[in-house]
There are 2 protein chains.
Amino acid sequence: MPNRPEMPITDPQPEQAQPVGEQIRDLRKVRGLTLQGLADKTGRSVGNLSQIERNISDVSIPVLKEIAEALDVSINWFFQGVANAPADERDIIVRADNRRRLEFAGTGMVEELLSPNFSGTFEMILGTFAPGAATGSENYSRTGEVGGYLIAGELQLTIGERAFSIGPGDAFTYPSTEPHRCWNPGAAVATVLWVVAPPSY
Amino acid sequence: MPNRPEMPITDPQPEQAQPVGEQIRDLRKVRGLTLQGLADKTGRSVGNLSQIERNISDVSIPVLKEIAEALDVSINWFFQGVANAPADERDIIVRADNRRRLEFAGTGMVEELLSPNFSGTFEMILGTFAPGAATGSENYSRTGEVGGYLIAGELQLTIGERAFSIGPGDAFTYPSTEPHRCWNPGAAVATVLWVVAPPSY
DNA sequence: AAATGAAATTATTGTAGTTATTTTCATGCT
DNA sequence: AGCATGAAAATAACTACAATAATTTCATTT
């Protein structure tokens, strides 16, 4: 009997999807909510939510929808990306073909999560700017730190009062307390790898 | 006499190089040394080192060499990369053509720093693996966290007991307490963007 | 089996007191 | 002049403990 039980011989289907519990917890934390806060928003008890997050109680679709709304995601968040990655790698790896997408309707901007969850000290995001696309003049005045590496294309970056032209292979780092904007002045798509610490979405 | 002495009329070269003080401090901190510790290693007084790091005292070349040795870098560390970037962007940007290189003689591996300093909560590194190149079986058993994004090529990654095949566009994250190794099984160069938190070199 | 409220447990935060680290500075040195 | 030193003064980092908040458990209800 050479086979160990944790290594089954046949394993046709990819793997079981990740239960939603941890996902809810991660998302709640990154939103800075407590169980109480989420309970208030959803009109649900703290004890119940605690059990849901630890997969002791199952959630029905309507309930999950409520929770999703309170956490400001669409319900399909919980079935995208890493949520349906093979169990033996979902805590570590985010495959290129299986990322969670954050759409920014109207702007030519897409962001895709490269981190499997929000529980670490930083988060990686792959950003794509269509020609001419720009981030709004959002002043992320939170605490924290941002890093970026331009994989392809051109980027015009403004940090506080200073403006920089960034080319492929250039990297940058700034405190997220500084107001910052960026836009793609080029004719090609610009691709940036962002690092955000602490994770925020 | 309109010209201030620190602004000469002709300024053909880019900008003034960064004084070594901050660089020494950053490097000392990332090594986990106190001024006392560095004083012991260099046989130099704490007060003096404090002044040097704040650019109150200048260092002579022989002294800088001592310090460099104590901090385990070659003296040219202090003149590479961001150290000679234009003053108005050196705290933020690391240009593609002006990175600090960490050579790993013998192995087909090169790392280049993408962070201007070590004072943040994370550090970005561009890693290059020649075909067949591998990291030693170093078990970075420190505390902390590592993230990676494969820009090009193939990578074979081992985290603890688990092995993964990584392709372009795949990302991964793991605690640096886990022993980890990687090698390039492909015929092309593999390029990885690493994120390390907290910074360590 | 899920949901609740309340008690029990566990984390988190705040606050002194302590120790370690860094800065300052008067003085000697080259 | 300006670098170097040691010792005092000022800061910063750590520790322990209490207070508070957050989470889990569980007996009970729906």
Side-chain angles (χ1 to χ4, degrees), chain A residues 16 19-71 75 78 117-121 142-144 175 197-200, chain B residues 5-6 19-71 75 78 117-121 142-145 175 197-200:
Chain A
Q16 193 139 68
V20 294
E22 294 91 338
Q23 300 191 62
I24 294 175
R25 170 150 300 183
D26 276 355
L27 208 47
R28 174 173 64 79
K29 287 265 161 84
V30 91
R31 294 271 188 271
L33 280 174
T34 73
L35 281 173
Q36 189 58 253
L38 187 58
D40 295 347
K41 282 198 160 193
T42 55
R44 190 157 291 278
S45 76
V46 167
N48 181 220
L49 290 174
S50 170
Q51 290 175 165
I52 288 173
E53 290 191 349
R54 284 170 305 130
N55 303 305
I56 293 167
S57 284
D58 286 339
V59 278
S60 63
I61 299 301
V63 170
L64 184 56
K65 215 178 261 176
E66 271 176 41
I67 294 174
E69 184 164 4
L71 294 173
I75 191 167
F78 298 104
N117 53 58
F118 300 117
S119 50
T121 62
R142 327 193 129 232
T143 173
S200 80
Chain B
E6 55 284 18
V20 295
E22 295 91 340
Q23 300 192 63
I24 294 174
R25 170 150 300 183
D26 276 356
L27 206 47
R28 174 173 65 78
K29 286 268 163 80
V30 91
R31 294 271 189 270
L33 280 174
T34 72
L35 281 173
Q36 189 58 256
L38 186 58
D40 294 347
K41 281 199 162 193
T42 55
R44 189 157 292 277
S45 77
V46 167
N48 181 221
L49 289 174
S50 170
Q51 291 175 163
I52 288 173
E53 290 191 349
R54 285 171 305 130
N55 303 304
I56 292 166
S57 284
D58 286 339
V59 278
S60 62
I61 299 302
V63 170
L64 184 56
K65 216 178 262 178
E66 272 176 41
I67 293 174
E69 184 164 6
L71 294 173
I75 191 167
F78 297 105
N117 53 57
F118 300 117
S119 49
T121 61
R142 328 193 129 232
T143 173
E145 206 173 340
S200 80

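Chain identifiers are assigned alphabetically (A, B, ...) following the order of the sequence lines, protein sequences preceding nucleic acid strands; residue numbering begins at 1 within each chain.
Counting any heavy atom pair closer than 4.0 Å across all strands shown, A/S50 reaches a base atom.
Judged as a side chain to side chain donor-acceptor pair (under 3.5 Å), and not counting sequence neighbours, A/D26 has no contacts. Every residue meeting the side chain to side chain donor-acceptor pair (under 3.5 Å) condition with B/S50, not counting sequence neighbours, appears here in chain and number order: B/R54. With sequence neighbours left out, A/T34 forms a side chain to side chain donor-acceptor pair (under 3.5 Å) with no residue at all. Scored by the salt bridge (charged side-chain N to carboxylate O under 4.0 Å, His left out) test, A/E66 finds A/R44 as partners (sequence neighbours excluded). Shown here are the side-chain contact (heavy atoms from CB on, under 4.5 Å) partners of A/I61, two or more places apart in sequence or in another chain: A/I75. By the side-chain contact (heavy atoms from CB on, under 4.5 Å) test, B/D40 is found to be paired with B/Q36, residues two or more places apart in sequence or in another chain being considered. When the side-chain contact (heavy atoms from CB on, under 4.5 Å) test is applied to A/P199, the partners found at least two apart in sequence or on another chain are A/V30, A/F118, A/E123. When the salt bridge (charged side-chain N to carboxylate O under 4.0 Å, His left out) test is applied to B/R28, the partners found at least two apart in sequence or on another chain are B/E53. Every side-chain contact (heavy atoms from CB on, under 4.5 Å) that B/S45 has, sequence neighbours left out, goes to B/N48.
Computed from coordinates, the A/D40 CG to D/dT23 P distance equals 12 Å when rounded to whole Å. For the pair A/L38 CG and D/dT23 C1', the computed distance is 13 Å after rounding to whole Å. Between the CG atom of B/L35 and the C1' atom of C/dT24 there is a distance of 13 Å, given to the nearest Å. Atom CD1 of A/I24 is separated from atom P of D/dT23 by 14 Å (rounded to the nearest Å). When the P atom of D/dT5 is taken as reference, atom CD of B/Q36 falls 12 Å away, rounded to whole Å.
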I'd like a table of atom pairs between the protein and nucleotides 1-7 of chain C - only N or O on both sides, under 3.5 Å - with the distance next to each one.
from: C/dA2; atom 1: OP1; to: A/D58; atom 2: N; distance (Å): 3.2
from: C/dA3; atom 1: OP1; to: A/R44; atom 2: NH1; distance (Å): 3.3
from: C/dA3; atom 1: OP2; to: A/N48; atom 2: OD1; distance (Å): 3.4
from: C/dA3; atom 1: OP2; to: A/N48; atom 2: ND2; distance (Å): 2.9
from: C/dT4; atom 1: OP2; to: A/S45; atom 2: N; distance (Å): 3.1
from: C/dT4; atom 1: OP2; to: A/S45; atom 2: OG; distance (Å): 3.2

Expected rows: protein N/O vs nucleotides 11-13 of chain D N/O, under 3.5 Å:
none

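The side chain of B/K29 lies closest to C/dT22 when the candidates are C/dT22, D/dA22, C/dT23.
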Could you go step by step and tell me if B/T42 and B/V63 meet the side-chain contact (heavy atoms from CB on, under 4.5 Å) rule?
-> CA-CA 9 Å; B/T42 55; B/V63 170; over 6 Å; no
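The side chain of A/R28 places an N or O atom within less than 4.0 Å of a non-bridging phosphate oxygen (OP1 or OP2) of D/dT23. Within the 4.0 Å cut-off from OP1 or OP2 of C/dT24, at least one side-chain nitrogen or oxygen of B/R54 is found.
Taken over five-pair windows at either terminus, the axes of the helix from C/dA1-D/dT30 to C/dT30-D/dA1 are inclined to one another by 60° (rounded to 10 degrees).
What you find for B/V59 and B/V20 is that their closest heavy atoms are CG2-CG2, 3.7 Å.
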